[in-house]
Amino acid sequence: MPAFATLSIEPDPDCPRVARLLLNRPERLNAITDQTPRDIRAAVEWAEGNDDIHVIVVEGAGKGFCGGYDLADSAEQMLDHPCQQESDPWDPMLDYAFMKRNTEDFMSLWRCSKPTIAKVHGYAAAGGSDIALCCDLLVMAEDAKIGYMPTRVWGCPTTAMWTFRIGFARAKQLMFTGDPIDGVTAAEWGLANEVVPREKLDAATMRLADRIAGVPKSHLAMHKMVVNQVMLTQGLEQTQMMATVFDGITRHNPEGVWFRRYAQAEGFKAAVNWRDSGRPIPEGDEAREMIKELEARLKKNV
């Protein structure tokens, strides 16, 4: 089996036509590192090249599917990164190139000729929801949560899948609020294909995967291509381009810089708590003034 730093993939011992791709950083809620998107793509390519594999199940080790990008350390420190540039002016194309590559890596799950199923328990949050929504199908635990909380500040879903998966009005609701939804709601909204109690999640997922795995690979590839082509015709690639540009802007405009400075001064957890609480987020001139105050505090503490 191929070896990866952030995940593993291998055929299911009871159903060898199904590959199980396990996001495997449970100590960090399977949070996404710079290496994770590359590992996902390489694992998908391994499964794509394995003639015995018909279906890929994507799941998370430990308490949840994926808690999003591993940002606590980078947000709290003055580290320069393509997505967190400290230079002024920042280079938007450097940010775009980095995040577009991540998006393309996640989308390997969508482009793969073999059906992909996200098995979601716990949280599929922020970038973790991107991974889940790039899969063809979702099976969720009733109490699982999926959403993109950073739409409140400091993020835009680069895969832009929400509109294509749940429609205009509901996508706007989730983007405007940043609120996650549970598995039961995901099923009601047509996002999840099946929702079951947590203890039945693995059995339900494998039952669906096993049923699909009995279909010839060529048929599965054709059916997937037909549906994917509709999404492409509707403008998926152009929408992802815009979303990825906007994602960079959200991290470098006054509101985004305020969020990072607040995380550096008070800790990432405090910044996330403010973001998710519903408390108004500083913007425009108010954000700029708070940035000055926070930077003065940080300079004093150095």
Side-chain angles (χ1 to χ4, degrees), residues 1-26 30 32-33 35-62 64-66 101-121 124 128 130-141 144 159 161 165 192-196 198-232 236:
M1 295 300 103
F4 301 103
T6 66
L7 56 83
S8 64
I9 188 169
E10 61 183 358
D12 184 88
D14 297 321
C15 186
R17 287 188 169 202
V18 178
R20 302 190 69 149
L21 192 164
L22 180 71
L23 303 174
N24 198 20
R25 298 183 68 233
N30 302 315
I32 301 164
T33 69
Q35 185 60 37
T36 305
R38 318 293 174 254
D39 285 351
I40 289 174
R41 187 171 194 157
V44 170
E45 289 174 350
W46 172 84
E48 183 80 73
N50 187 325
D51 286 340
D52 294 331
I53 299 299
H54 285 56
V55 184
I56 304 170
V57 170
V58 183
E59 56 196 322
F65 181 80
C66 178
R101 182 180 177 186
N102 284 2
T103 301
E104 291 300 310
D105 289 344
F106 295 154
M107 284 291 287
S108 65
L109 293 161
W110 185 85
R111 290 190 304 268
C112 176
S113 68
K114 301 176 181 183
T116 54
I117 304 173
K119 171 192 159 190
V120 179
H121 75 292
D130 277 326
I131 296 172
L133 294 185
C134 284
C135 293
D136 301 307
L137 308 176
L138 269 74
V139 181
M140 295 181 66
T159 63
M161 280 290 189
R165 301 298 294 262
N193 297 85
E194 188 172 355
V195 173
V196 296
R198 172 68 181 87
E199 65 273 15
K200 297 182 179 180
L201 180 61
D202 191 68
T205 304
M206 292 307 297
R207 185 167 54 249
L208 176 60
D210 185 50
R211 175 68 175 173
I212 295 170
V215 178
K217 295 191 301 295
S218 61
H219 287 59
L220 294 173
M222 288 185 284
H223 301 323
K224 182 167 179 174
M225 188 179 297
V226 167
V227 179
N228 283 5
Q229 186 58 47
V230 174
M231 297 171 70
L232 290 170
L236 175 61

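The figures here come from the full heavy-atom set of this structure, side chains too, leaving out hydrogens, waters and symmetry mates. Throughout, residue positions are numbered sequentially from 1 according to the sequence presented.
Annotation: the span from Arg41 atom CZ to Asn102 atom CG amounts to 10.5 Å, rounded to 0.5 Å. Atom CZ of residue Arg101 and atom OG1 of residue Thr103 lie 12.0 Å apart, to the nearest 0.5 angstrom.
Judged by distance alone, the side chain of Asn193 and the main-chain N or O of Leu138 form a donor-acceptor pair under 3.5 Å. Under a 3.5 Å cut-off, the side chain of Asp39 and the backbone N or O of Phe4 do not form any donor-acceptor pair. Remark: side-chain polar atoms of His54 are not paired, donor with acceptor, to backbone N or O of Pro16 under 3.5 angstrom. Side chain of Asn30 to main chain of Arg25: a donor-acceptor pair is present (N/O by atom type, distance under 3.5 Å, no hydrogens or angles).
A heavy-atom distance below 4.5 Å is not found between the side chains of Lys224 and Ser113. Residues Asp52 and Pro11 are not in side-chain contact: their nearest non-hydrogen atoms beyond the backbone lie 4.5 Å or more apart. Using a 4.5 Å cut-off on side-chain heavy atoms (C-beta onward), Leu137 and Ile212 make contact.
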Fill in: side-chain contact (heavy atoms from CB on, under 4.5 Å) between Glu104 and Arg111, intermediate numbers included
CA-CA 9 Å; Glu104 291 300 310; Arg111 290 190 304 268; 3.1 Å; yes
Discussion item. Run the side-chain contact (heavy atoms from CB on, under 4.5 Å) test on Ile131 and Ile32 for me, step by step, so that the C-alpha distance in whole Å, both residues' side-chain angles and the decisive distance to 0.1 Å come before the verdict.
Written reply: CA-CA 10 Å; Ile131 296 172; Ile32 301 164; 3.9 Å; yes
Worksheet item: Checking side-chain contact (heavy atoms from CB on, under 4.5 Å) for the pair Leu23/Ile40: CA distance, chi angles, key distance, verdict?
Response: CA-CA 9 Å; Leu23 303 174; Ile40 289 174; 4.3 Å; yes
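Listed by first then second residue, pairs satisfying side-chain hydrogen bond (donor to acceptor under 3.5 Å, both in side chains) with a partner in residues 203-222 number zero, not counting sequence neighbours.
In terms of heavy-atom proximity, Asp136 sits nearest to Pro115 at OD2-CA, 3.2 Å. Here the closest non-hydrogen pair linking Leu21 and Ala43 is CD1-CB, 3.8 Å. Between Ala204 and Glu194, the shortest heavy-atom distance links the atoms CB-OE2, 3.8 Å. The minimum heavy-atom distance linking Val55 with Ala209 is given by the pair CG2-O, 3.8 Å. Taking both residues in full, the closest heavy atoms of Leu201 and Met140 are given as CD1-C, 3.6 Å, listed atom of the first, atom of the second, then distance. When all heavy atoms are compared, the tightest approach of Cys135 to Arg165 is O-NH1, 3.0 Å.
Residues that satisfy the salt bridge (charged side-chain N to carboxylate O under 4.0 Å, His left out) test with Arg38, not counting sequence neighbours, are Asp105. Among residues two or more places apart in sequence or in another chain, the salt bridge (charged side-chain N to carboxylate O under 4.0 Å, His left out) test is passed with Asp202 by Arg20, Lys119.
Around the CE atom of Met222, the shell of radius 6.0 Å holds more than 12 heavy atoms that belong to other residues, nucleotides or ligands.
When each of Thr116, Leu133, Leu236, Thr159 is checked for a side chain to side chain contact (heavy atoms under 4.5 Å, CB included) with Trp110, only Leu236 meets the rule.
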